[in-house]
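So the structure is just underneath, and the comments pick up after that.
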Number of protein chains: 2
Amino acid sequence: MPPARKRSATIRDVAKAAAVSTATVSKFVNGSQRFSADVEARVTRAVQELGWSLNPMARGITTGQSGNIGIVILDIRNPHFTSMVKGAARSAGVAGLNLIVADAAESKAPELAVLRALARRVDGLIVSARLPQPVLQALFDTGTPVVFYGGPPPDPAYHSVCCDNYLAGRMLGRHLRDRGLRKISYIGFPTARWSAERWRGVQDAFEGEEARFQDYEAAAPVPEEGERLASVVLLSGDMPDAIVTFNDLLALGLLAEARALGVRVPEQVAVAGFDNITYGRLGSPSLTSVDMMSEAVGEMAMQRLAEVIAGAQTRHEDVLTCRLMVRESTTRQTPG
Amino acid sequence: MPPARKRSATIRDVAKAAAVSTATVSKFVNGSQRFSADVEARVTRAVQELGWSLNPMARGITTGQSGNIGIVILDIRNPHFTSMVKGAARSAGVAGLNLIVADAAESKAPELAVLRALARRVDGLIVSARLPQPVLQALFDTGTPVVFYGGPPPDPAYHSVCCDNYLAGRMLGRHLRDRGLRKISYIGFPTARWSAERWRGVQDAFEGEEARFQDYEAAAPVPEEGERLASVVLLSGDMPDAIVTFNDLLALGLLAEARALGVRVPEQVAVAGFDNITYGRLGSPSLTSVDMMSEAVGEMAMQRLAEVIAGAQTRHEDVLTCRLMVRESTTRQTPG
DNA sequence: TTGTAGGCGTTATCAA
DNA sequence: TTGATAACGCCTACAA
């Protein structure tokens, strides 16, 4: 049988064993004060022998800090978000913080009650800049430190970390234009504010050219929607030269279905997305995409949050540099 | 400016406002006792007006429960694990628990100190059954409730949730055998105990047949290793009829590199993996795989853990039913 | 049905 | 340099 959960030693036990006061133990283990070599040795020894480690909850009750950070992501199955989590986890580790991951995928927005409860048990929150207004308001009301990701902060009082969505679109648009493509379709995800920005960026890249634009709306930024919309986009009306999607997941779904429909990419139509997820690189054809620096965004967001919690006053809207990754889906098929 | 973090109301404030004792408030909000309609109304109203919610840490100090569960995953970028997390998150939500995700990817094994610290701040832990022995021992010493995933528990005293790895291999082997394939290579990941079991299952499926087996070792179960080993497996010696990999990520890497090498799948060689991740289905050729029920495993593990925490005495080794997903990579290419 | 009071493990203030 | 001791916010016997 697993050992019963030990009623572990308390700071008082340690203090007694080391023949010092609890205050001394506390200050010493927290490194907030030095003591005589003798005292320190005794305490260290007592801690060792009793196998004591401090109770984070008891500590939290007086310090008001839990040592936990919450990160609210919109879909844990989207590699873009898992990369963010990875980045955030790394900085968190450095700062000695734990990451509580809340997946909002099931409900369109995380439920208010759940979010409030989460806010109550963390020292800060990393959340998407595209949470709906009422959710944001509830969040602000809790007074919890917040850093937003994905786009500019919905309230100028808060930090944010993102890439420039317009610029990302523009880079991609420029690439398509240079490839001589002129009929451009876009599968957007209007729920995300920056879906429109990406699209605007793409379009603006064709300034001064005769180009034809058309856009479609995905109900969710997932492969299944890409698959669903494929026939609409490819087989109704005349075929575009290129299809840009709000994210790589939509693009991957689109690619899969295009293949099923017998439409050749990029020979008949080019395809490109955003996020630069791994599976875009590995697929056939490999997917042209704009790297939105998922991992770096997560890492930076956590860093900013740690700063805020530590009492930093300055506010940042970090904009990381994105990068166009040109691959087969907008250029040419490898032999085979 | 974000509002300063409010010094929120305490249970005493509520008690005073409702003209009752703190005990009454406590019992009422925890649902551990009913009171007269009048009292309940007054308390409810006071809670509302003061916007009070209890401090989880203060509560934890007396109850000994944090309301947090830790899940230690080996690579958050592997869709197999994110699906597990998703499943775990769902049951956690139902049970009102939070999920602290610890990614062990960077270090081979999670560092002992980190794990101990984590154990200290959660009510239970979901961890891989393939953690190295010293880590396990440290874990057991903490007395934290643990549920293992991926394989049978490393210690018979603990719960576990997994699929039958041998059976999964056998199902896949059977499929390959039925397809008339006889020269089978395996890219394993020896660090995982069940890599060998899967391989044994595959081999046993050929009982009574003249078959030729060969195996290779991946240093990590990631696409890059699949890419790296591709040329070794495909171009040294004579080409196998089929290559089975420890997981889908290896297979995806292998497929990508095979394509680069001009080796056609499945015409020249069949490829199959384990886990049935989404990106296997979407790729070209789509990937044959055994669905190891990632999400269900996570969900079940969390459920078991909740039971243990609630005081359940019976021990379970849940074995979920896996399922072979036959796709193009072992059958035939779609036109194009 | 409701209240009193002590205790949970730690930190922080202040005095020695 | 060290120690008493009062918080911290909540839970829970036990009492009324």
Using a 3.5 Å distance criterion without hydrogens, assess whether the side chain of A:Asn30 forms a donor-acceptor pair with backbone atoms of A:Ser26.
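Yes; at least one donor-acceptor contact below 3.5 Å.
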Whether A:Arg45 side chain and A:Ala17 backbone form a donor-acceptor pair below 3.5 Å:
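Not confirmed, A:Arg45 side chain does not pair with A:Ala17 backbone.
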Kindly give the heavy-atom pair with the smallest separation between B:Pro153 and B:Arg315, and that separation in Å.
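Smallest heavy-atom distance, with atoms named: CG-NH1, 4.2 Å.
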Are A:Thr22 and A:Arg12 linked by a side-chain donor-acceptor pair shorter than 3.5 Å?
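No - no donor-acceptor pair under 3.5 Å links their side chains.
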Interatomic distance, A:Gln33 CD vs D:dT2 P [rounded to whole Å]:
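That distance rounds to 8 Å.
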Could you tell me the separation between the CD atom of B:Glu40 and the P atom of C:dT1, rounded to a whole number of Å?
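Distance, rounded to whole Å: 10 Å.
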Step by step, would you call B:Asn68 with B:Arg121 a side chain to side chain donor-acceptor pair (under 3.5 Å)?
CA-CA 7 Å; B:Asn68 296 142; B:Arg121 38 180 72 246; over 6 Å; no
SB check B:Glu299 B:Lys86 (cutoff 4.0 Å):
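Result for this pair is no, no salt bridge flagged.
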Verify salt bridge (charged side-chain N to carboxylate O under 4.0 Å, His left out) between A:Arg77 and B:Glu295, making sure each step is shown before the conclusion.
CA-CA 11 Å; A:Arg77 290 221 273 222; B:Glu295 195 167 333; 2.7 Å; yes
Which atoms of nucleotides 10-13 of chain D (N or O only) lie under 3.5 Å from a protein N or O atom, and what are those distances?
| from | atom 1 | to | atom 2 | distance (Å) |
| --- | --- | --- | --- | --- |
| D:dC10 | OP1 | B:Trp52 | NE1 | 3.1 |
| D:dC10 | OP1 | B:Asn55 | N | 3.1 |
| D:dC10 | OP2 | B:Ile11 | N | 2.5 |
| D:dC10 | N4 | B:Arg12 | NH1 | 3.4 |
| D:dC11 | OP1 | B:Asn30 | ND2 | 3.1 |
| D:dC11 | OP1 | B:Arg59 | NE | 2.9 |
| D:dC11 | OP2 | B:Ser26 | OG | 2.8 |
| D:dC11 | O4' | B:Thr62 | OG1 | 3.1 |

What bend angle does the helix from C:dT1-D:dA16 to C:dA16-D:dT1 show across its length, from five-pair end axes and to the nearest 10 degrees?
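Answer for the end axes of this duplex: 30°.
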Supply the atom-to-atom distance A:Asp103 CG to A:Ile71 CD1, rounded to the nearest 0.5 angstrom.
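The CD1 atom of A:Ile71 is 11.0 Å from CG of A:Asp103, to the nearest 0.5 Å.
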